[in-house]
2 protein chains.
Amino acid sequence: MQNRSKAMNEQERRINAWMAKIKHKIVVLSGKGGVGKSTVATNLAVALAWKGRSNLVGILDADITGPSIPKMIGARKQQLEAGPPGIFPATGPLGIKIISMDFFLQADETPIIWRGPLKSVAIRQFLADVVWGELDFLLIDLPPGTGDEALSIMQIIPNIDGVIIVTIPSEVSQIVVKKAVTFTQKLNAPIIGILENMSGFVCPKCGAETDIFRVGGGQKISDDLNVPFLGRIPIDPRICEDSDQGSPFITKHSDSPAAKEFMKIVDKIEDFLKKEETD
Amino acid sequence: MQNRSKAMNEQERRINAWMAKIKHKIVVLSGKGGVGKSTVATNLAVALAWKGRSNLVGILDADITGPSIPKMIGARKQQLEAGPPGIFPATGPLGIKIISMDFFLQADETPIIWRGPLKSVAIRQFLADVVWGELDFLLIDLPPGTGDEALSIMQIIPNIDGVIIVTIPSEVSQIVVKKAVTFTQKLNAPIIGILENMSGFVCPKCGAETDIFRVGGGQKISDDLNVPFLGRIPIDPRICEDSDQGSPFITKHSDSPAAKEFMKIVDKIEDFLKKEETD
């Protein structure tokens, strides 16, 4: 028992040592699945790296049972290397460092049937045993919900700079996302703001706008719960296409309204962090 | 310890007694969040009830941290009643019986911050202490992933008739959904088939079709893994609108292509069950 607690202390020491080298740790959260959280995390990471931070951005894919970041960022099937300091993360565009359960699975169809405590163990290892190095940003993409992974991450990582909460506009989504806001507040983590994804669709043929998942839900949560609103990303079929091809939308289609909105959101995140520093 | 195991046996006895009164128990699963699993479960339940099964269909919302079935089916804020046999489920359209963590939360923003084992406890109670009565169908809507809830449900419920696996067409989704297929097979549950949701979008103004999340991924998984394909539900903004209003799309817009496809899928499910019975 004493040995076990010694090992835990040693792990915590390693986590703190790695995390101290990372300037900003940002969590991307949603109460509900399928709001495009991983797509948002991927594109935000690429946008942050693109603004003069090559090799200085990392993504921790904390979705243990459904990891999708490596596919979206075009870094699948990389063989990770291990050395004395630990496991080296995979590398994506602009030198983005990525760690994900996907790298440890032999085949696409291998499921991870793990109960909560085991998932927390994996996340601790992602933080303690991965050679993150000096980074400006580490984005942590949580699985949907306010369950084990979310709880573990929020409790394990020291000094989280802020949480971005992603939602789609529908009312059904709002109910669940409100829980994510309260969850974050209860854990005393600062909320950077709410991002409304899949907000309206413009027909590429006729230009008519259809609100497939409705519009305005993010703003409404922001008003109801008095948390900042970051912006609305419209639906663009090329976002899904680019994710499937592993080439991030934000650089590939940088002239699109959705990419421009992403960049505005990145500016707001940077402003939030600057303000935090001076406060 | 002996008392605890006595209580567990008593709970198991109650679960088995309730489940024996239900002709068919069907699990709705997806590896990935936001593929519209809860919308599919809701509309399938309504469709099954609509075909001459008023008061004979139930839905167990096993998404403990993000329950959305009550909102979608228009049964929110119902005060559940308890009597000597247990808690009585809420009632939706066509007498559909619903149990969900949503009925036990005081406010929309109350989050459920539970670790895995506690979630399993809740699900056991939903099965043991709810007065389901005689039903033709119980649909169990699992949260995304192959984690605790999925594992618990599959292990606790005796004689699951079959599993419906919901996906969206994108490749990113496919990787994760393949895991759900293997998960189901490992647990020896029969797979009824794969349902491709959000499959193509027709502009209501000009009729142009845009593949927002691409098309054909469900069929591809079905071919790759040799499991039946149930059908493709196209994107229709009224599905989200109706879910938000709590009036199921399938009865409200029964003439739409999406509703017709839903009904065809219900026929296939019934065929599957008939075949199982005669085998």
Side-chain angles (χ1 to χ4, degrees), chain A residues 31-38 63-68 71-72 102 108-117 119 143-148 150-151 168 170-176 178-183 186-187 201 203-206 208 210-214 225 235 237 240-241 243-244, chain B residues 31-38 63-68 71-72 102 108-117 119 143-148 150-151 168 170-176 178-183 186-187 201 203-206 208 210-214 225 235 237 240-241 243-244:
Chain A
K32 203 174 142 46
V35 298
K37 190 176 39 53
S38 299
D63 193 340
I64 300 296
T65 56
S68 52
K71 167 88 180 166
M72 287 180 178
D102 189 57
D108 286 2
E109 53 269 27
T110 311
I112 300 281
I113 314 180
W114 285 0
R115 294 203 172 263
K119 291 192 239 172
T146 48
D148 292 70
L151 195 53
I168 58 169
S170 76
E171 277 180 38
V172 169
S173 185
Q174 284 173 48
I175 299 174
V176 186
K178 276 188 178 176
K179 297 190 206 311
V181 171
T182 315
F183 171 83
K186 283 204 174 175
L187 293 170
F201 171 70
C203 175
K205 201 173 166 203
C206 72
T210 310
D211 293 342
I212 293 182
F213 300 109
R214 317 190 79 182
L225 302 182
I235 295 175
C240 177
E241 223 173 274
S243 284
D244 272 1
Chain B
K32 200 171 145 47
V35 298
K37 192 176 37 55
S38 299
D63 193 340
I64 300 297
T65 56
S68 53
K71 167 89 181 167
M72 287 181 178
D102 189 57
D108 286 2
E109 53 268 29
T110 311
I112 301 281
I113 314 179
W114 285 0
R115 293 202 173 263
K119 291 193 239 171
T146 48
D148 292 69
L151 196 52
I168 57 169
S170 76
E171 276 180 39
V172 170
S173 186
Q174 283 172 49
I175 298 174
V176 186
K178 276 187 179 176
K179 296 190 205 313
V181 171
T182 315
F183 171 82
K186 283 204 175 177
L187 293 169
F201 172 71
C203 175
K205 202 174 166 201
C206 73
T210 310
D211 294 341
I212 293 183
F213 299 108
R214 316 190 80 183
L225 303 182
I235 295 175
C240 178
E241 225 174 274
S243 284
D244 273 2

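Note that these values count all heavy atoms, side chains included, but never hydrogens, waters or copies made by symmetry. Per chain, numbering begins at 1; letters A, B, ... match sequence-line order.
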Under a 4.5 Å cutoff for heavy-atom pairs, which residue among B/S38, B/S173, B/C203 has the most contacts with chain A? B/C203
Side-chain heavy-atom pair B/P67, A/K179 within 4.5 angstrom cut-off: yes
Of the backbone (N, CA, C, O) and the side chain (C-beta and beyond), which part of B/T210 lies under 4.5 Å from a heavy atom of chain A, both, or neither? side chain
Under a 4.5 Å heavy-atom cutoff, which of A/S68, A/S170, A/A208 has the most pairs with chain B? A/S170
Ion pair check, B/E241 and A/R214, cut-off under 4.0 Å: no
Closest non-hydrogen atom pair between B/V172 and A/S243, with its separation: CG2-O, 4.0 Å
Test side-chain contact (heavy atoms from CB on, under 4.5 Å) applied to B/V176 - qualifying residues, sequence neighbours left out: B/K32
Answer with side chain, backbone, both or neither: which region of B/V181 has an atom nearer than 4.5 Å to a non-hydrogen atom of chain A? neither
Drop me the distance from A/D102's CG to B/I175's CD1, to the nearest 0.5 angstrom. 6.5 Å
With a 4.5 angstrom heavy-atom cut-off, could you sort out which part of B/I235 is near chain A: side chain, backbone, both or neither? side chain
Mutual orientation of the aromatic rings belonging to B/F213 and A/F213 [parallel < 30°, tilted 30-60°, perpendicular > 60°]: tilted
Chain B shares the most heavy-atom pairs under 4.5 Å, among A/L225, A/I168, A/D108, with A/D108
Looking only at atom types and distance, does a side-chain atom of B/D244 sit under 3.5 Å from a main-chain N or O of A/E171, one as donor and one as acceptor? yes
Does A/T182 reach the main-chain N or O of B/E109 with its side chain, forming a donor-acceptor pair under 3.5 Å? yes
